[in-house]
Amino acid sequence: MENSTPHIALKIENLSIGYATKKQQTYIAQDIDFSLFKGEVAAIVGVNGIGKSTLLRTLGNVQPKLSGNITLNNIPLEHHSIQELASEISVVLTEPIASKNLTVLELISLGRQPYTNWIGTLTQEDKEKISLAVEMLQIEELKSKKCYELSDGQLQRVMIARALAQDTQLILLDEPTTHLDLYHKVQILKLLKSIAHRTNKTILFTTHEIEIAIQLCDKMLILESNQNTFGSPCELIQKKSFENLFPSDSITFDSQTGSFRVNK
Ligand SMILES: Nc1ncnc2c1ncn2[C@@H]1O[C@H](COP(=O)(O)OP(=O)(O)OP(=O)(O)O)[C@@H](O)[C@H]1O
C-alpha cells in the first residue's frame, strides 16, 4: 500500500473546513478530496467568500479542520510536531506583517528560523538559501530597505522569498499575485511552477487569476458551494467545470481559448 503512493505529498480526504466556537461549528466547505504529488503546482479558485483562504489556512495548520483527513508525506498532519511542520510547510498569508520595521534581508532570514539555534545564528547553508531566494525573486536591490518602505507588490515578492528560504516540501500561498501587475503576476506564477518542477516541491496557492492558472498550473481545485472539482486544467475544461463558476448572463467561459468572455 505504501509503495502505491510514494510520491503523494499532500492527500486530502473528506475534509470539512470552517470555524468552530464552543457552541457551534460553521461549515464553509465540505467533502473536499484531492491529492498533490511532489513537484506539482496547483491553484485553488472560486468566487469571493467560497472558502479558498480558509482551506489554505486549514492545510497550513493555521486553523483547525472541522473533520476529515489531511496527510502530509503519508503522515496525518496532526502527527507532525510543530517543529517538523515548520520545516515541511511554509505559509504566505495575506494578513499584514507585524515586523515591517525589519529590513528585507532580516525578514527573509526569518524563514530560516526552523533550522537556526535559539539566537538565530545563520550558518553558511542558511545564508546560501537566503541568497538563492533573493536571486530567484529578483529583489537584490531591495535587500537593505525597511519593509515599510516597500510597495505592496514588492512586499509580496519579499514574503514569497521568505517562504522559499524556509525550503519546505509544501509551500502554501494565499493570493500571491494580488498586488502585482500583469507582467509580475505571470513572472511569479512561472517562477513557482519552475521551482516546483525543478526542486520537486509542492506548491498550492489561492488565486482569482483563473486564466493564468489554467495556462500554468498542473492541477486546479474549483471550490463551489455544492461541489469541489479537482483535476488538470485540460480535464476541468473538458468536464465543463469552469462554465458555471460565474452567472452565465454576465460571463461565459470559452473552452477553445480557456478564457472568460464578458457578455455585454
Ligand atoms: N474568522 C472568521 N470567522 C467566521 N467566519 C469567517 C472568518 N473568516 C472568514 N469567514 C467566512 O468564511 C467564508 C470563507 O472566507 P474565505 O476568506 O476563506 O473566502 P475566500 O474564498 O478566500 O474569499 P475571497 O476570494 O474574497 O478572498 C466567508 O463567508 C467568510 O465570511
Side-chain angles (χ1 to χ4, degrees), residues 10 12-34 36 41-70 72 77 85 89-98 152-153 155-157 159-160 163 170-182 184-186 188-189 192 202-217 219-231 233 236 241-248 250-251 253 259-260 262:
L10 182 69
I12 311 300
E13 295 164 298
N14 283 326
L15 181 67
S16 293
I17 55 168
Y19 297 86
T21 60
K22 275 187 187 152
K23 284 194 178 150
Q24 66 169 36
Q25 296 190 325
T26 308
Y27 287 84
I28 304 295
Q30 289 175 274
D31 299 327
I32 305 172
D33 272 285
F34 68 94
L36 287 177
V41 61
I44 305 169
V45 302
V47 297
N48 286 138
I50 201 72
K52 300 180 295 297
S53 304
T54 308
L55 173 58
L56 203 85
R57 284 197 298 268
T58 310
L59 299 181
N61 207 34
V62 179
Q63 75 181 73
K65 64 187 180 189
L66 295 188
S67 63
N69 302 315
I70 304 170
L72 180 68
L77 199 61
L85 287 178
I89 307 180
S90 48
V91 188
V92 181
L93 298 176
T94 53
E95 279 87 32
I97 53 163
D152 290 341
L155 184 60
Q156 204 150 20
R157 284 154 68 201
M159 296 305 289
I160 297 171
L170 179 64
I171 303 178
L172 302 172
L173 307 111
D174 199 7
E175 301 196 29
T177 58
T178 324
H179 297 292
L180 304 181
D181 60 56
L182 182 61
H184 283 106
K185 279 184 206 291
V186 171
I188 289 291
L189 295 189
L192 294 178
T202 305
I203 301 184
L204 179 63
F205 63 97
T206 66
T207 188
H208 290 290
E209 308 300 333
I210 301 176
E211 295 175 2
I212 305 178
I214 286 175
Q215 294 179 63
L216 290 179
C217 287
K219 301 279 172 56
M220 292 176 76
L221 174 71
I222 306 176
L223 281 188
E224 289 178 278
S225 53
N226 50 354
Q227 62 179 347
N228 309 296
T229 322
F230 179 77
L236 294 174
S241 304
F242 294 106
E243 311 207 349
N244 298 320
L245 200 50
F246 303 110
S248 56
S250 300
I251 299 166
F253 183 73
S259 58
F260 290 93
V262 176

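Start at 1 and go down the list; that is how both ligands and their atoms are numbered. Since the structure is predicted, the reported quantities are computational estimates derived from the model, not experimental observations.
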| Working for side-chain contact (heavy atoms from CB on, under 4.5 Å), residues Leu59 and Leu170 | CA-CA 10 Å; Leu59 299 181; Leu170 179 64; 5.6 Å; no
| query | Where do Leu221 and Ile32 land on the side-chain contact (heavy atoms from CB on, under 4.5 Å) test, with the steps shown first? | reply | CA-CA 9 Å; Leu221 174 71; Ile32 305 172; 4.2 Å; yes
| According to the interplanar angle, ranging from 0 to 90°, do the rings of Phe260 and Phe242 count as parallel (below 30°), tilted (30 to 60°) or perpendicular (above 60°)? | perpendicular
| said: If we ignore hydrogens and angles and just use 3.5 Å, is the side chain of Lys52 paired with the main-chain N or O of Ile44 as donor and acceptor? | reply: no
| said: Before you tell me yes or no, could you show the steps for Ile210 and Met220 under side-chain contact (heavy atoms from CB on, under 4.5 Å), namely the whole-Å CA-CA distance, both residues' side-chain angles and the distance that decides it to 0.1 Å? | reply: CA-CA 9 Å; Ile210 301 176; Met220 292 176 76; 4.2 Å; yes
| query | For ligand 1, which atoms sit closer than 4.0 Å to a heavy atom of His208? | reply | 25 (O)
| query | What residue and heavy atom of the protein are closest to atom 27 (O) of ligand 1, and at what distance? | reply | Glu175 OE2, 3.2 Å
| request: Would you mind checking which non-hydrogen protein atom is closest to atom 16 (P) of ligand 1, with the distance to 0.1 Å? | output: Thr54 OG1, 3.6 Å
| How far is atom 23 (O) of ligand 1 from its nearest protein heavy atom, and which residue and atom is that? | Gly49 N, 2.8 Å
| request: For atom 17 (O) of ligand 1, grab the closest protein heavy atom and report residue, atom and distance to one decimal in Å. | output: Ser53 CB, 3.8 Å
| query | So is there a nitrogen or oxygen of Arg57 less than 3.5 Å from a nitrogen or oxygen in ligand 1? | reply | no
| request: Using protein heavy atoms only, decide if any is under 4.0 Å from atom 30 (C) of ligand 1. | output: no
| When you look at CG of Asn244, are more than 12 heavy atoms from neighbouring residues, nucleotides or ligands closer to it than 6.0 Å? | no
| With atoms numbered from 1 as shown, which atoms in ligand 1 lie under 4.0 angstrom from a non-hydrogen atom of Val47? | 21 (O)
| Got a donor-acceptor contact below 3.5 angstrom from the Asp33 side chain to the Asn14 backbone? | yes
| atom 25 (O) of ligand 1: nearest protein contact (heavy atom, Å) | Lys52 NZ, 2.7 Å
| Quick one: does Gly51 get a heavy atom under 4.0 Å from ligand 1? | yes
| query | To the nearest 0.5 Å, how far apart are CG in Leu236 and NZ in Lys219? | reply | 10.5 Å
| Which heavy atom of the protein is the closest neighbour of atom 26 (O) of ligand 1, given with residue, atom name and distance? | Asn48 ND2, 3.0 Å
| query | Under 3.5 Å, is there a donor-acceptor pair between the side chain of Gln24 and the main chain of Tyr19? | reply | no
| Under a 4.0 Å heavy-atom limit, does Ile28 contact ligand 1 with its side chain, its backbone, both, or neither? | side chain
| field | Residue, atom name and distance, where the atom is the protein heavy atom closest to atom 6 (C) of ligand 1 | value | Tyr19 CE1, 3.3 Å
| task | Under 4.0 Å, heavy atoms only, figure out whether ligand 1 is touched by the backbone of Asp174, its side chain, both or neither. | result | neither
| request: Decide whether the shortest distance between a heavy atom of Ile50 and an atom of ligand 1 is less than 4.0 Å. | output: yes
| query | Does Glu243 use its side chain to pair, donor to acceptor, with the backbone of Ser248 at less than 3.5 Å? | reply | no
